[in-house]
Asks: 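Quick one: the structure is below, questions incoming.
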Amino acid sequence: MRFRRPVIAVTAVGMLALAACGGSGEPADDNGRAKGVDAEKLADTGTGMDAEREGPVKIDGATEGGTVTVLSYAGLNSMDPTEAYYQSTLSILSGLVTRSLTQFAYDEESGEMTLVPDLATDLGTPNEDYTEWEFTIRDGVKWENGDEVTAEDVRYGILRSFDRASFLEGANYSNAYFLDGDEYKGPYKSGKDYAGVEVDGDTLTLKMARPFPDMPYWGSFPAMGPIPEGEDEPEEYRLHPWSTGPYMFEDYNPEKSLTLVRNPHWDPNTDPSRTQYPEQYVFDFQTDSTKIDQILLKDQGEAQTTMTYDNVLAANFRTFQDEHADRLVLGGSPLTTYWAPDYRKVTDKRVRQALAWAYPYRDAALAAGYVEGVTRIWGTNLLPPGMPGRTEYNPLPGHEPGSTDTAKARELLEEADAVGYEIKWLFQNDDPNTVKATDIVVRSLEEAGFEASPVATTIANFSTDREDPDNDDINVRSGGWLSDWPSGGSWFPPVFQSTDLEEEGLGSNYAVFSEPEVDQRIEEISMLPIEEQPAAWNELDEFIATEYFPLFVLGYGGVAMAHGSKIEGFEVDTAAGMPTWKGIWVEQ
Amino acid sequence: MSTTADLEGLASRDAVGQVIAGRSPTRIALRRLRSDKVAVVSSGTVLLLVVLALLAPLITSVLGIHATTTDPDAPLPSEVLSYDGFPAVGPPYYPFTWEHPLGLAPQTGVDNLARLLYGLRTSLAVATAATVLSTLIGVSVGLVAGFARGWLDRLISFCIDLFLSFPFILGALALAPIVVSRFSTDLEALARAQVLALVAVLVVFGWMGLARLIRGQVFSLREREFVQAAHVLGLPTRHILFKELLPNLVAPIVVAVSLTLPAYVAAEAGLSYLGIGLTGVPSLGQTINDAVPSFEKYPLYLWAPVVTVMVLVLALNLLGDAVRDAFDPRTRR
Amino acid sequence: MAGFIVRRLLSSFLVVVLTSMFVFALFFLGPSNPAGPVCEAQGRCTAERLELIEQQMGLDESVVTQYGAFVGGLFRDRTITMGSEYTCEAPCLGISYGTRGEVRKELMEKYPATLSVALGGAAIYVVLGVTLGVLAARRRGTATDRLLVGGSLVVSSIPYYLFALLAWILLTLQWDLFPATGYTPLTESPSAWAAGLLLPWLVLGITGSTQYARFTRGSMVDTLGEDYIRTATAKGVRSSRVLFRHGLRAAIVPIVTIFGLDFATLLAGTVFTEQIFDIDGIGSWALDAVKAPQDFPVILATVLVSAVLIVVANLVVDVVYGLLDPRVRVS
């Protein structure tokens, strides 16, 4: 999934601290690691599944009522369930508003996320080779206007998820796996006659073009939920998607505010994971980060029922940790940020490796407002720590992840006869943190013998400039990726599979990487039995890095969010790096 | 234009029996300024700040401090900062150190004193350039408008109104992304372009005040006898403009300059706060902006640039006031 | 007099028209493409999508045609295409790229906030400024006078945005002396309305009062030095009557002149005040519209509002000046 806006490398993000850095008074547990963020298990979103779980959910001691104010400095991308593909939008929709085939539930004991049924009665029944899935839609689920939700509605929603033209930002798993997914273009363009999704009474049969063992995970996306046919004009629907969950849209002003109120037609008996304790949620996207932190630090009046899903600023982190640790929520998110040289332009592997030696990981992280140990955890694998089957490897022998050695970089450049090689990358000129980090990167690269030419752009234009495959001004792109679910299947295809540059542009393959052998391997691994996949993905991770070295990891990330004293049940949903909306209630 | 002060001067000299020469209003004003304590202190302050700004490179290299991280000799952030970006030496968490008297900046680890000096340099340079240009333009336009009659004057007044009605901040903000996209690939050119764009914006939206003022002054002056005499004598317009009118306009021009300069310093800082600051060079506005999030934990980081801006603007304003009083024949001392 | 007014009206109208053309030129002939932000808003922008949107928005037509469409929209209802179709009722100021709502409607919604700030602030700075000026003039030469003049000088030396920022940081955040700032509609809750705007009013009032204080004081000191005042005092007229009847009246003219333009600027929306104090008014709206992604219809609307207000203020001031000061009428 996509990292929340504006974009990765910068934004005012503050994180946790790593005790190993020395200095005084760092918060640490016995292992010398920062409390609350287990760097080993960042991406361990848990592979737990519970097909039997049933509603209703009761939280001991929870009280009804209250308004939760949610502050964030940035607005939300598309809130159309079919198109939502960012941490924030996915989390808010599936936690509070829209129901899908399956959903994630927070497990208090382990702190992990468990996959449980949602609109389906279980987690789906596959055939032998995972090319066909059956889901039975349960009864008693209603829309926000009181109408029954039918299997036809769910079918229509799934059909809509094929339309890449109308929903540019949305995930393309339907197209990638379903029968004729590359040809069917959704109901607006290809009509409703589509063999890949069949309805018989309450049962949906989904047909795949190739094995898709991860279908239950894809089923948790809002895109795999019902859509009311005839009321789903995209321009309007993204401003008011119909609710099947405990809360519905009352008022939405993109970039400004969103008010969610109780949906009277939501029946907790039909929902294995959600709750409806607070009266309403009021989102405000216009407060800047300093103010958000101040409001939460003071914890006065309305601030006590306020929360944020932004990370606290580095400047305030220490204060939160030392004085308000009970209102600071630390946890993991399966995020990897990396630098991806343009594979078509930076063709010498040694130059790419030299870049990895020369990049000033620590200094750039500090300059940009990250903190070692939480938002920046070093590593080399594309898959973050905690992904099933992950074992560490090092494609650059002798290189300690997070360290910089400009002399070694220069050696490599000399060997490749590329001293003075020009590196051009984008940075947001109107974001002070990015500017600071860029200065540091320039200095380090030049020390190593590169010619560093960062290209200025603005926060608003960054994505477009980066995603243009024909942008001649740059030859390196910075990128980041979050797991859609705990499997390499939601990493390698988007990040490394060749894309049709004409048709779809880069997609999320920022390295513009294209090796037929890798494409083939990805295909092969997707077809393997589910138990064999984790190890195979890890092997592929190591293979790509050692053989081709197309990109290098800047760091993995976790989260440090905060809330007022009357907000209860706020834990970290490690599948998204967002709050566990489903368990939140207000102390009365 | 004679005043009791002049006569007093004449009289006293007379008594000693020396040859008296008439003093121009400017000379009189300067004399009065010299004896005005406030003027002396404030001009001293301004001079001090200007000298500091000019000598910034020298001072920083002597003290061994750095204003930016791009300097290869400057320490790297990881060498001087703690895990959360706060300095590992000096305030706010460690005791004062003479090596960095104003402390280090979070996130980058640069020396605050160095950054202050260079920021002052930028602010003064931009403000001075903008003041000089807008004064030249304002005076020229005002002279022409005041002296010419009829359609030319009306046209110029119309232009003044036109520029006055356009919101300056929006103009500045609209220009910024255009500048960035034009110079995106050459950062040095971008830094220069940003400074020029800022000066341009300040000038384009700042010349009108002086133009109006001069126009009004010229209106009243041209009815005076000495101008009409020159006209009757057949002296060319250019002569009248430069030799008769201009000397009498020195006072309002000097006063206007003394007020415009601090206004521009303040404007530059303000634009920085709104996000259209200069990114390639250190600036006071940028520093203030950076310091706001950590004001509680690290107040020195915020107060140093704030106080500097305040002192600079205050000194310039006081000086301007004193200059105005010195030129005004009606104020008594 | 009538001829003068007509001429001024004409030139004011021309100013507004030219300003609107200038904004059009800036955006359509400048390097930034207005279709960009619209395309962005719908997700990843491809070249064909961009072209399609440009066509829909009529950007492939000449600037003149587009300007014509805009002007036409002021009198007739318009249908604007930006991905989808939107109706825009006359007078139509366009459809916002960001929210897809009618710009005129949003303008009306945000206006009360700016108006509230402007009225409160202006009331305070005029009253405070004139009062302090009179006080200082009355006691000129004394410690009070010097204190007031000095204080006013110091306050006017602090850049406005710094004053506002520091006030917010110290008074609201750190010392908690004022409630959180922001705008609540008067109709919703008068007490919340006043509480949220109290600090911005005071900040505006104090910083704005300095020039009125100086002007009033200066003007009164001048007047008080005139012969006719001496005569009045000699005749036994009470000093306060002298002060107010004669002194203040002379000061009114320049004060009115400054006030006109000042108030118009406030009404056009002060960006700094609204940004720092979190007020959702025209100023913030304009600022957001100009920052990338640029929302051209909103920018056009706010610039026009500002232009119209300033031009009207100038006109009113000129007329009032002419009414108050017979010498001007004659010239």
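All heavy atoms count here, side chains included; hydrogens, waters and symmetry mates do not. Residue numbers start from 1 in every chain, and the chains themselves are labelled A, B, ... in the order their sequence lines are given, proteins ahead of strands.
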Asks: Is B/Pro293 in contact with chain A via its backbone, its side chain, both, or neither, using a 4.5 Å heavy-atom distance?
Replies: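 It is both, since atoms from each part get that close.
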Asks: Which atoms of B/Pro92 are under 4.5 Å from chain A, going by heavy atoms: the side chain, the backbone, both sets, or neither?
Replies: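 Contact with chain A is absent: no heavy atom of B/Pro92 under 4.5 Å.
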Asks: Atom NZ in B/Lys297, atom CZ in A/Phe317: separation rounded to 0.5 Å?
Replies: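 Answer rounded to 0.5 Å: 13.0 Å.
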Asks: Between chain B and each of A/Asp293, A/Asn316, A/Thr319, count heavy-atom pairs under 4.5 Å; write down the option with the most.
Replies: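 Answer, by heavy-atom pair count under 4.5 Å with chain B: A/Thr319.
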Asks: Checking B/Ala74 against chain A: side chain, backbone, both or neither under 4.5 Å from a heavy atom?
Replies: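 For B/Ala74, heavy atoms of backbone and side chain both lie under 4.5 Å from chain A.
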Asks: Let me confirm one number: the CG-OG distance from B/Leu76 to A/Ser444, rounded to the nearest 0.5 Å.
Replies: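 One gets 7.5 Å once the value is rounded to the nearest 0.5 Å.
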Asks: Considering non-hydrogen atoms only, spot the tightest contact between B/Ser82 and A/Arg318 and give its length.
Replies: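 Residues B/Ser82 and A/Arg318, closest heavy atoms: CB-NH2, 3.7 Å.
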Asks: Let me see the working for B/Gln107 and A/Tyr370 under side chain to side chain contact (heavy atoms under 4.5 Å, CB included), right down to the final yes or no.
Replies: CA-CA 9 Å; B/Gln107 287 180 244; A/Tyr370 293 102; over 6 Å; no
Asks: Throw together a table of side-chain donor-acceptor distances under 3.5 angstrom for residues 189-200 of chain B, partners on residues two or more places apart or in other chains.
Replies:
unit_1	atom_1	unit_2	atom_2	d
B/Gln194	OE1	B/Thr279	N	3.0
B/Gln194	OE1	B/Thr279	OG1	3.0
B/Gln194	NE2	B/Thr279	OG1	3.4

Asks: Hey, which residues of residues 51-69 of chain B are touching chain A, say heavy atoms under 4.5 Å apart?
Replies: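 Only B/Thr69 of residues 51-69 of chain B have a heavy atom under 4.5 Å from chain A.
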Asks: Relative to chain B, which segment of A/Glu446 carries a heavy atom at a distance below 4.5 Å: side chain, backbone, both, or neither?
Replies: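 Contact with chain B involves no heavy atom of A/Glu446 at all.
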Asks: I need the contact set between residues 300-316 of chain B and chain A: heavy-atom distance under 4.5 Å, sorted by residue number.
Replies: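 Listed by number: none.
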Asks: Heavy-atom cut-off 4.5 Å, strictly under: side chain, backbone, both or neither for B/Phe183 against chain A?
Replies: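 Interface part for B/Phe183: neither.
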Asks: Among A/Thr438, A/Ile440, A/Asp439, A/Val442, which residue satisfies the side-chain contact (heavy atoms from CB on, under 4.5 Å) criterion with B/Thr70?
Replies: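 Among A/Thr438, A/Ile440, A/Asp439, A/Val442, the one meeting side-chain contact (heavy atoms from CB on, under 4.5 Å) with B/Thr70 is A/Asp439.
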Asks: For the residue pair B/Leu187 and A/Pro454, what are the closest heavy atoms and their distance?
Replies: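 So the minimum-distance heavy-atom pair works out to CD1-CG, 3.3 Å.
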Asks: If you round to the nearest 0.5 Å, how far is CZ of A/Arg362 from OH of B/Tyr83?
Replies: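 Result: 15.5 Å between the selected atoms.
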Asks: Less than 4.0 angstrom from a charged side-chain N to a carboxylate O is my criterion; do A/Lys298 and B/Glu296 meet it?
Replies: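 B/Glu296 and A/Lys298: salt-bridged.
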Asks: Which atoms of B/Tyr298 come close to chain A, meaning under 4.5 Å heavy atom to heavy atom: side chain ones, backbone ones, both, or neither?
Replies: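 When you check distances to chain A, no heavy atom of B/Tyr298 falls under 4.5 Å.
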Asks: With sequence neighbours excluded, give me every salt bridge (Lys or Arg N to Asp or Glu O under 4.0 Å) pair touching residues 94-121 of chain B.
Replies: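 Salt bridge (Lys or Arg N to Asp or Glu O under 4.0 Å) check on residues 94-121 of chain B returns B/Arg115-B/Asp290.
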